[in-house]
S.K.: 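Pasting in a structure now, in structure tokens, and then I'll have a few things to ask.
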Amino acid sequence: MKVLVLAGGLSPERNVSLSSGAMVCEALRKRGHQVALMDLFYGLDGAVSGRGLYVAPIPESYKKVDREAPDLEAVRARRGDDDPSAIGPGIFEMCKDADIVYLALHGVCGEDGRIQAALDLLGVPYTGSGCLGSAIAMDKDLTKRLVTGKVKTPRWETVSVTEENIEELAERIKPPVVVKPIASGSSMGVYIAKNKGELKNALAESAKMGCRTLVEEFIQGREISVAVLNGAALPSIEIIPKTGFYDYANKYQPGATHEVCPARISDTWEKAVGDAALAVFETIGLSVYARADFIVTPDGTPYFLEINTLPGMTPTSLVPQEAAAAGIDYGKLCDIIIQESLEARKEGR
């Protein structure tokens, strides 16, 4: 099969996406597919022809995720043009030439439904959920509104933070709370504020990001993630950072986090988190695969945090670990995602 892997782009999660794309490309080539890895933002930048991408070596630098998020202004400057488009030259032509587009994109530049909608209009099949489910899942506030009543979720409110209202918000909001962007991933911009000073700092950082912010009740418990694949929950995984919480650095630096899969929880807890993940998945109309994140309290109650429609496929990512615990190796997982996605597109899912 001819597969185009789209990665990179202009998301703050760009480096994570390149790592996912490199790993997927390598795995699918080993399984006999013709696979090209293409950066959504740079496209055909003149370095190699479209046909050449199918045999081009995979940069080893892509596989490792830097501790810091990329400088997106520097990324823009490297393309060397004034085109405001987030999509590089030749992207859609390459997409139409492939049997399927494997979306290894993360964050607002690929996980929010817009690239899915464009590919739908082109009649090009792609991996993962459709445009509407993707857009809903990217908005943490909207997702919570839809699933409330079906699963438990921490109390929350959504605020627009400016330099002018930080003091007012800090007086009104009572810590401990979690402060995070409404449409971001990889724990970017996430802060746990346990006192007023930390809350003011977190809100100030949110104001810099210039987006709506979710302020969520802090729930004490164990951090458990559950992937859904082809309509079933995979074995859960528990995340135990060695220092701090599961932030960007702890997610992608090897050895920074202790991950236990299957999670050492009772069958009752396992069923509860699996059922909750499936309920969220089905309520917002997702398809193929996703990963839901929970905090499970000492009494076994899962509190839903968010769901990721294009979860990471990096060397430290959670979904491949969960699949492995179910007897599905990395290459087979990529193939399952492709086959199920082709069926989903045929059925309009």
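Count residues from 1 along the sequence.
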S.K.: Starting at OG1 of T127, measure out to CZ of R345 and round the result to the nearest 0.5 Å.
M.R.: 8.0 Å
S.K.: Charged N to carboxylate O under 4.0 angstrom, E238 versus R264?
M.R.: no
S.K.: Starting from V101, can I reach L342 by hopping between I/L/V/M/F/W/Y residues whose side chains sit under 4.5 Å apart?
M.R.: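 In one cluster with L342: V101, yes.
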S.K.: For G110 versus I115, what's the shortest heavy-atom pair and its separation?
M.R.: O-CG2, 3.4 Å
S.K.: Is L305 reachable from W269 through a run of I, L, V, M, F, W or Y residues, each pair having side-chain heavy atoms under 4.5 Å apart?
M.R.: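 Different clusters.
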S.K.: Quick one, S341 and P125 - any side-chain contact, counting heavy atoms below 4.5 Å?
M.R.: no
S.K.: Got L199 and Y191 here, is their nearest side-chain heavy-atom distance under 4.5 Å?
M.R.: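 No. Closest side-chain heavy atoms not under 4.5 Å.
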S.K.: Check step by step if side-chain contact (heavy atoms from CB on, under 4.5 Å) holds for K150 and V280.
M.R.: CA-CA 8 Å; K150 297 181 182 293; V280 174; over 6 Å; no
S.K.: What do you reckon, is CD of E347 surrounded by more than 12 foreign heavy atoms closer than 6.0 Å?
M.R.: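 Buried by this count: over 12 neighbours within 6.0 Å.
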S.K.: Could you give the distance from CD1 (I58) to CD (E60), rounded to the nearest 0.5 Å?
M.R.: 8.0 Å
S.K.: Closest heavy-atom contact between A233 and G274?
M.R.: CB-CA, 3.9 Å
S.K.: Answer yes or no: is there a side-chain heavy-atom contact under 4.5 Å between L119 and L103?
M.R.: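 In contact.
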S.K.: How about L310 and Y289: do any of their side-chain heavy atoms sit closer than 4.5 Å?
M.R.: yes
S.K.: To the nearest 0.5 Å, how far apart are OH in Y303 and CD in E216?
M.R.: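 Going from OH on Y303 over to CD on E216, the span is 11.5 Å.
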S.K.: Report, one line per pair, each donor and acceptor closer than 3.5 Å where one atom sits in a side chain of residues 87-98; sequence neighbours left out.
M.R.:
residue	atom	partner	partner atom	Å
D97	OD2	K2	NZ	2.7

S.K.: State, to 0.1 Å, how close V179 and S206 come at their nearest heavy-atom pair, and which atoms those are.
M.R.: CG1-OG, 3.5 Å
S.K.: Please test K180 against E306 for side-chain contact (heavy atoms from CB on, under 4.5 Å), starting from the C-alpha separation and ending with a verdict.
M.R.: CA-CA 11 Å; K180 53 189 172 184; E306 62 183 81; 4.0 Å; yes
S.K.: Do M1 and I100 touch side chain to side chain, with heavy atoms closer than 4.5 Å?
M.R.: yes
S.K.: Out of curiosity, does I237 fall in the hydrophobic cluster containing I265 (side-chain heavy atoms, cut-off under 4.5 Å, transitive links)?
M.R.: no
S.K.: In terms of hydrophobic clustering (I, L, V, M, F, W, Y; side-chain heavy atoms under 4.5 Å; direct or indirect links), are L40 and M313 co-clustered?
M.R.: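 Yes, it is one cluster - the side chains of L40 and M313 are joined through contacts under 4.5 Å.
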S.K.: Do the side chains of S225 and I239 get nearer than 4.5 Å, heavy atoms only?
M.R.: yes
S.K.: Can you check whether D120 reaches Y126 side chain to side chain, under 4.5 Å on heavy atoms?
M.R.: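 Counting from C-beta outward, D120 and Y126 do come under 4.5 Å.
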S.K.: Do the side chain of Q116 and the main chain of G113 share a donor and acceptor less than 3.5 angstrom apart?
M.R.: yes
S.K.: Heavy-atom count around R155 CZ within 6.0 Å, excluding the residue itself: above 12?
M.R.: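 Not buried by this count: 12 neighbours or fewer within 6.0 Å.
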S.K.: Apply the test side-chain contact (heavy atoms from CB on, under 4.5 Å) to residues L53 and L37: give CA-CA distance (whole Å), side-chain angles for both, the deciding distance (0.1 Å), then the verdict.
M.R.: CA-CA 7 Å; L53 284 175; L37 175 60; over 6 Å; no
S.K.: Could you check F281 against V226 for side-chain contact (heavy atoms from CB on, under 4.5 Å), going step by step and ending with a plain yes or no?
M.R.: CA-CA 11 Å; F281 188 91; V226 182; over 6 Å; no
S.K.: If Ile, Leu, Val, Met, Phe, Trp and Tyr residues are connected whenever their side-chain heavy atoms lie under 4.5 Å apart, and connections chain through other members, are V260 and V296 in the same group?
M.R.: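 Different hydrophobic clusters.
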S.K.: Looking only at side-chain N and O atoms, does K144 offer a donor or acceptor that is under 3.5 Å from a partner on T153?
M.R.: yes
S.K.: Could you measure the distance from the CZ atom of R14 to the CG atom of L105? Nearest 0.5 Å is fine.
M.R.: 10.5 Å
S.K.: Can you list everything that forms a side chain to side chain donor-acceptor pair (under 3.5 Å) with D83? Sequence neighbours excluded, please.
M.R.: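 Counting only residues at least two positions away or on another chain, D83 forms no side chain to side chain donor-acceptor pair (under 3.5 Å).
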S.K.: Quick one: closest heavy-atom pair of L142 and D139, and the distance?
M.R.: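 Nearest heavy atoms, L142 then D139: N-OD1, 2.9 Å.
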S.K.: To the nearest 0.5 Å, how far apart are SG in C261 and CD in E322?
M.R.: 5.5 Å
S.K.: Report yes if some heavy atom in the side chain of R145 is under 4.5 Å from a heavy atom in the side chain of D141; otherwise report no.
M.R.: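 R145 vs D141: side chains touch.
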S.K.: Testing the 3.5 Å rule here: is there a donor-acceptor pair between the side chains of S17 and S20?
M.R.: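 On atom types as modelled, these side chains do not qualify, holding no pair under 3.5 Å.
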S.K.: With rounding to the nearest 0.5 angstrom, report the OH to CG distance, Y330 to L28.
M.R.: 8.5 Å
S.K.: Between E205, E163, E167, which is the residue that forms a salt bridge (Lys or Arg N to Asp or Glu O under 4.0 Å) with K200?
M.R.: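 That would be E167.
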S.K.: Using modelled atom types only, decide if a donor and an acceptor are shared between the side chain of D329 and the backbone of K332 within a distance under 3.5 Å.
M.R.: yes
S.K.: Output yes when a side-chain donor or acceptor of S317 lies under 3.5 Å from a complementary backbone atom of T314, and no otherwise.
M.R.: yes
S.K.: Is there a donor-acceptor pair under 3.5 Å between the side chain of S134 and the backbone N or O of E111?
M.R.: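 Side chain of S134 to backbone of E111: no pair is present.
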S.K.: Write down the atom of L333, the atom of A323, and the distance for their closest heavy-atom approach.
M.R.: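 Where L333 meets A323 most closely, the heavy atoms are CD2-CB, 4.0 Å.
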S.K.: Answer yes or no: is there a donor N or O on one side and an acceptor on the other, between the side chain of E270 and the main chain of S236, under 3.5 Å?
M.R.: yes
S.K.: So which heavy atom on A290 is nearest to which on T309, and how close?
M.R.: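 Scanning both residues, the minimum pair turns out to be CB-CA, 4.2 Å.
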S.K.: Just grab all the side chain to side chain donor-acceptor pair (under 3.5 Å) pairs involving residues 21-31, residues at least two apart or on different chains.
M.R.: E26-K63, R31-D335
S.K.: Other residues, nucleotides and ligands only: do more than 12 of their heavy atoms fall within 6.0 Å of CG on D267?
M.R.: no
